[in-house]
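For clarity, every value in this text was computed on a predicted model and none was experimentally measured. As a basis for the values below, the full set of heavy atoms in this structure was taken, side chains included, without hydrogen atoms, waters or symmetry mates. Lettering follows sequence order; numbering is per chain, from 1.
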Protein chains: 2
Amino acid sequence: MSAVRLLDELSHAPLKSEWLDTILKGDCVAALDRLPEKSVDIIFADPPYNLQLDGDLHRPDQSKVDAVDDDWDRFESFEAYDAFTRAWLLAARRVLKPSGTIWVIGSYHNIFRVGARMQDLGFWILNDIVWRKTNPMPNFRGRRFQNAHETMIWASRDQKAKGYTFNYEALKASNDDLQMRSDWLFPICTGGERLKDENGNKLHPTQKPEALLARIMMASTKPGDVVLDPFFGSGTTGAVAKRLGRHFVGIEREQAYIDAANERIAAVRPLEEADLTVLSGKRAEPRVAFISLIDNGLVVPGATLYDAKKRWAAKVRADGTLAIGGSAGSIHKIGAEVQGLDACNGWTFWHYERSGGLSPIDELRRIARLGMERAGA
Amino acid sequence: MSAVRLLDELSHAPLKSEWLDTILKGDCVAALDRLPEKSVDIIFADPPYNLQLDGDLHRPDQSKVDAVDDDWDRFESFEAYDAFTRAWLLAARRVLKPSGTIWVIGSYHNIFRVGARMQDLGFWILNDIVWRKTNPMPNFRGRRFQNAHETMIWASRDQKAKGYTFNYEALKASNDDLQMRSDWLFPICTGGERLKDENGNKLHPTQKPEALLARIMMASTKPGDVVLDPFFGSGTTGAVAKRLGRHFVGIEREQAYIDAANERIAAVRPLEEADLTVLSGKRAEPRVAFISLIDNGLVVPGATLYDAKKRWAAKVRADGTLAIGGSAGSIHKIGAEVQGLDACNGWTFWHYERSGGLSPIDELRRIARLGMERAGA
DNA sequence: TCAAGTTTTGAATCCGCAC
DNA sequence: TGTGCGGATTCAAAACTTG
């Protein structure tokens, strides 16, 4: 693999072959237009999400949330965002080989608009993939569900496109011999992997985890393929491509990001060819919510639960809380309350009645887990 | 809850009040237009997915997969599907209360188009929710990832809409005291829950699991609310609404589905009202003004309040304000000021001296609330 | 040097009533 | 319809501090 080079941002001439494994500086569409048509095997795009944030958000401890308020994420309107999306998708499509595929990541703020534009332009959606975050930011005001995932769209160039790369067998082998599902579980990018600036602050507000890109490339590219990233940012795509023996092309406007990405990629050591076969994903231990026992029919609303000695009896409500006397709350809260303790494991404290007598609801949790494990919860 | 009734499909006159807990037969938009505006609390919509299936799909054992190939799932083009989507969303929006919310479920075939149209019409997305299936159909050809989830969009009527129902505390209590995430795990609808026709075949190709609808209603409705489902199908929404003490309105074109849904809903026994109580948090507690503690004699003018570590001491004045140094104001303002913060909860920050040491004035608020309850305030 | 406790932080469309 | 303000609200993991 050749060294990382930086191309002249002022030129508009078509590029020859020296663009492989380099970062093109400049506007996304202009840079794409300089690349030869049908020249890249896959595209990974992490475009601005158009978050439309309004005012500050504080945590319960009054600290301020460091929001994404960069200029590049501000658009006048949905129409402006749509026009931007259409333009870069069109330019990207020209560059993509007929058998190539494209990945686009987004959140609910933008992904629906992006997906609709992709379909309008003739891209053929193969899957939507959910990146479930192990450690998402909470919802601090308690007014919505915790936004715990992002969505990726995987599409071929058009409906009739054949021969795209999908390493089905390798993915299956890496997933306990089960075919890989459309929901993936990864932590967000933190720790040593997260690039920092000279002040120790995060260099880029939306750096993606390398594991995510590795899964994508292992699934939909072959060694030696060319991966294009039109919103290169901190260069995760380039770092993973180099490590996995793929070529990359990045496009990025900001010099600070380009410099950091070049340095980052230069430090990457490619894997030995023999190690490129299978990369395994991480599994999390399944957590069972009490309400899922109700969902599964293992517990019925209105049922009574007891402690082991039947000193207390509490009623299950449809919302998944327990009620006893005047108070209601989670199985843990109510268990603690009746005992006058600060904390209590409701799973082992509360019991349900069955033929032989009382059994802890933890048994029901075990049963529920059997179903969840199949889903890799 | 009144019995299920079937309304005349030919009439176009506006409906009076007899539409509650009934299924309206006919075209979705025409039926919506007959309902009063701003009359339903939430909408759950499971529109046609526009699957665009092309030819038959066979399992490895050569058996044919029973695909969704009904007429109602066929559209000429994306444009036709968009027009259909826009029309029913617009009609649904008129019927929704200003503080109401809407849920729409779909797959990658249609959800991006639906989501974009929703944004175009002014709906404000609150979350996208991923339904992860424990038992999805495998991908038989091994050319894509196993399509193991569907996506739901939860949105308010418009950006400024306030006061929508979200039972945050109940959801959290039912989930091991962790806030509910945007990825949910449920099995697909099978077994006894799945409606069968006279030949023992599935009655409806896309019957949704009741647990999914129960989670939705427990999250975003109160008992007695009205739930509208403009694509009623086999009536899952009605069955769950009745069981959970909510009203429903269904719209459906096919008589066979209407008949099956009516029969199904008639067999549902509602839960006891006591089991339907929704856990509410501090936000729902009655307001207590700090000065009422003085009125009640729980705090005496001239008393000194401290923070937990006695770093600051402030004096209570007869008008219900706190004074410290040169400044005076509410318990919250002064608490924030001494800490140099923008905001502060004075009830938990300030403490009063008693025999055992310091106690937060929030304790006094609780005592005051008990008095208010006795007085029926 | 290690263990234990504390602080920090991450793509966030994050309030509702009274006046 | 806008403005003011009371006061409610967080999970996982890394980084940092203390013993």
Side-chain angles (χ1 to χ4, degrees), chain A residues 46-70 72-75 78 105-111 131 133-151 187-194 196 200-202 204-209 231 233 284 287, chain B residues 99 119 123-128 155-156 158-164 166 168-169 172 175-182 280-291 320 329-333 335-336 341-350 362 365:
Chain A
D46 183 11
Y49 286 9
N50 188 24
L51 287 186
Q52 306 177 269
L53 301 177
D54 189 27
D56 289 341
L57 178 66
H58 292 88
R59 298 187 176 81
D61 66 3
Q62 303 301 332
S63 64
K64 193 177 148 209
V65 174
D66 183 20
V68 177
D69 53 2
D70 306 68
W72 48 256
D73 198 46
R74 276 200 272 270
F75 293 83
F78 281 138
I105 186 167
S107 66
Y108 66 83
H109 309 85
N110 71 323
I111 197 66
W131 167 28
K133 303 180 183 183
T134 59
N135 49 351
M137 191 185 294
N139 184 291
F140 294 114
R141 300 299 291 266
R143 294 297 300 157
R144 304 180 177 192
F145 298 93
Q146 182 183 27
N147 193 9
H149 73 276
E150 293 186 26
T151 301
I188 60 175
C189 182
T190 57
E193 189 184 319
R194 188 93 197 213
K196 305 290 195 321
N201 299 317
K202 61 187 174 194
H204 192 282
T206 71
Q207 185 179 340
K208 295 293 177 289
F231 305 96
R287 168 179 271 126
Chain B
S99 65
Q119 291 180 311
F123 286 106
W124 192 245
I125 300 180
L126 299 169
N127 281 110
D128 60 335
S156 62
D158 52 72
Q159 178 176 3
K160 301 294 173 207
K162 299 293 176 195
Y164 60 85
F166 181 57
Y168 174 78
E169 291 85 4
K172 183 174 171 179
N175 188 40
D176 266 27
D177 290 321
L178 294 174
Q179 57 181 209
M180 191 66 81
R181 296 170 44 116
S182 56
S280 58
K282 288 169 110 177
R283 273 181 285 231
E285 297 275 297
R287 272 292 168 82
V288 174
F290 179 66
I291 198 168
S330 72
I331 53 173
H332 313 294
K333 277 276 154 54
L341 296 174
D342 287 339
C344 163
N345 185 339
W347 291 109
T348 52
F349 179 74
W350 293 110
D362 207 23
R365 180 167 66 159

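- Only the C1' atoms considered, C/dT9 is 12 Å distant from D/dT10, to the nearest whole Å.
- Within the model, atoms CD1 of A/I188 and NZ of A/K208 stand 10.5 Å from one another, a figure rounded to the nearest 0.5 Å.
- As judged by a 4.0 angstrom heavy-atom cut-off over every strand, B/Q179 is placed among residues touching the sugar-phosphate backbone only.
- Rounded to whole angstrom, the span from the CH2 atom of B/W347 across to the P atom of D/dG7 amounts to 6 Å.
- When the P atom of C/dG10 is taken as reference, atom CD1 of A/I188 falls 8 Å away, rounded to whole Å.
- A/T190 comes within 4.0 angstrom of the backbone, heavy atoms only, and of no base.
- To the nearest 0.5 Å, the span separating OG1 on A/T206 from CD on A/E150 amounts to 8.5 Å.
- Contacts of A/R144 with the nucleic acid, taken as non-hydrogen atoms under 4.0 Å apart, include base atoms.
- Whole-Å rounding puts the B/K162 NZ to D/dA8 P distance at 19 Å.
- Among the atoms of the strands shown, base atoms are found under 4.0 Å from some heavy atom of A/G55.
- Comparing C/dC14 with D/dA12, their P atoms are spaced 22 Å from each other, to the whole Å.
- Taking atom CG on A/D56 and atom P on C/dC14, their separation rounds to 11 Å, with Å as the unit.
- Each of A/A67 and A/D61 was assigned the nucleotide of DNA chain C with the nearest heavy atom; the assignment lying further toward the 5' end belongs to A/D61.
- No contact: A/P209 has no heavy atom under 4.0 Å from any strand.
- Distance OG/B/S156 to CZ/B/F166: 13.0 Å, rounded to 0.5 Å.
- Using a 4.0 Å heavy-atom cutoff across all strands shown, B/R181 reaches no nucleic acid atom at all.
- Taking NE2 from A/H58 and CG from B/D342, the interatomic distance works out to 5.0 Å, rounded to the nearest 0.5 Å.
- Both A/K196 and A/P136 sit near DNA chain D, but only A/P136 has its closest nucleotide nearer the 5' end.
- For B/Q179, the side-chain hydrogen bond (donor to acceptor under 3.5 Å, both in side chains) partners at least two apart in sequence or on another chain are B/Y168.
- Ring pair A/H204/A/W72 is parallel by interplanar angle, where below 30° counts as parallel and above 60° as perpendicular.
- Residue-to-nucleotide contacts include a donor-acceptor pair under 3.5 Å from the side chain of A/R59 to the base of C/dG10.
- No side-chain donor-acceptor contact under 3.5 Å links A/K133 to the backbone of A/W131.
- In this structure, the nucleotide among C/dA11, D/dA8, D/dA13 sitting nearest to the side chain of A/Q62 is D/dA8.
- Closest to the side chain of B/K282, from the set D/dT10, D/dT9, C/dG10, is D/dT9.
- Residue A/T134 has its side chain nearest to D/dA13 when only D/dA13, D/dG6, D/dT9 are considered.
- Taking the C1' atom of each, D/dG19 and C/dT1 are spaced 12 Å apart, rounded to whole Å.
- In this structure, CG of B/N345 is placed 5 Å from P of D/dA8, rounded to the nearest angstrom.
- Residue-level contact check: B/E169 touches the backbone only, with heavy atoms under 4.0 Å from sugar-phosphate atoms and none from bases.
- If you check C/dA12, C/dC14, D/dG6 against the side chain of B/R287, the one that comes closest is D/dG6.
- If you check every strand for non-hydrogen atoms under 4.0 Å, B/G281 touches nothing.
- Contact annotation for A/D73: base contact, defined as any heavy-atom pair under 4.0 Å involving a base atom.
- Residues satisfying the side chain to side chain contact (heavy atoms under 4.5 Å, CB included) criterion with A/Q62, sequence neighbours excluded, are B/L341, B/A343.
- Judged by a 6.0 Å distance limit and a 45° cone about the ring axis, A/R144 is not positioned over the six-membered ring of B/Y164.
- The interatomic distance linking B/D362 (CG) with D/dG7 (P) rounds to 10 Å, in whole Å.
- Comparing C/dA11, C/dC14, D/dG7 by their closest approach to the side chain of B/A343 singles out D/dG7.
- Phosphate proximity of D/dG7 to B/H332: present, with a side-chain N or O under 4.0 Å from OP1 or OP2.
- To the nearest angstrom, C1' of D/dA13 lies 15 Å from NZ of A/K133.
- In this structure, the CG atom of A/N147 is 16 Å from the P atom of C/dG10, given to the nearest Å.
- In this structure, B/Y168 does not reach the C/dC14 phosphate: none of its side-chain N or O atoms is under 4.0 Å from OP1 or OP2.
- Listed nucleotides D/dG6, D/dA12, C/dA11 differ in distance to A/K208; the shortest reach to its side chain belongs to C/dA11.
- Counting any heavy atom pair closer than 4.0 Å across all strands shown, B/S330 reaches sugar-phosphate atoms only and no base atom.
- The residue B/L126 sits apart from the nucleic acid: no heavy atom pair falls under 4.0 Å.
- Between the side chains of A/H109 and A/S107, at least one donor N or O sits under 3.5 Å from an acceptor N or O.
- Nucleic acid contact class of A/R143 (heavy atoms, under 4.0 Å, all strands): sugar-phosphate only.
- Among the nucleotides D/dC5, D/dT10, C/dC15, the one closest to any side-chain atom of A/R141 is C/dC15.
- Annotated stems with DNA chain C as a participant read C:2-10 with D:11-19, C:15-19 with D:2-6, given as range with range, by first number; only runs of 3 or more Watson-Crick or G-U pairs under 3.5 Å qualify.
- Among the protein residues, B/L178 comes within range of the sugar-phosphate backbone only, with heavy atoms under 4.0 Å from sugar or phosphate atoms but none that close to a base.
- Contact between the side-chain N/O atoms of A/K202 and the OP1/OP2 oxygens of C/dA11 is not found at any separation under 4.0 Å.
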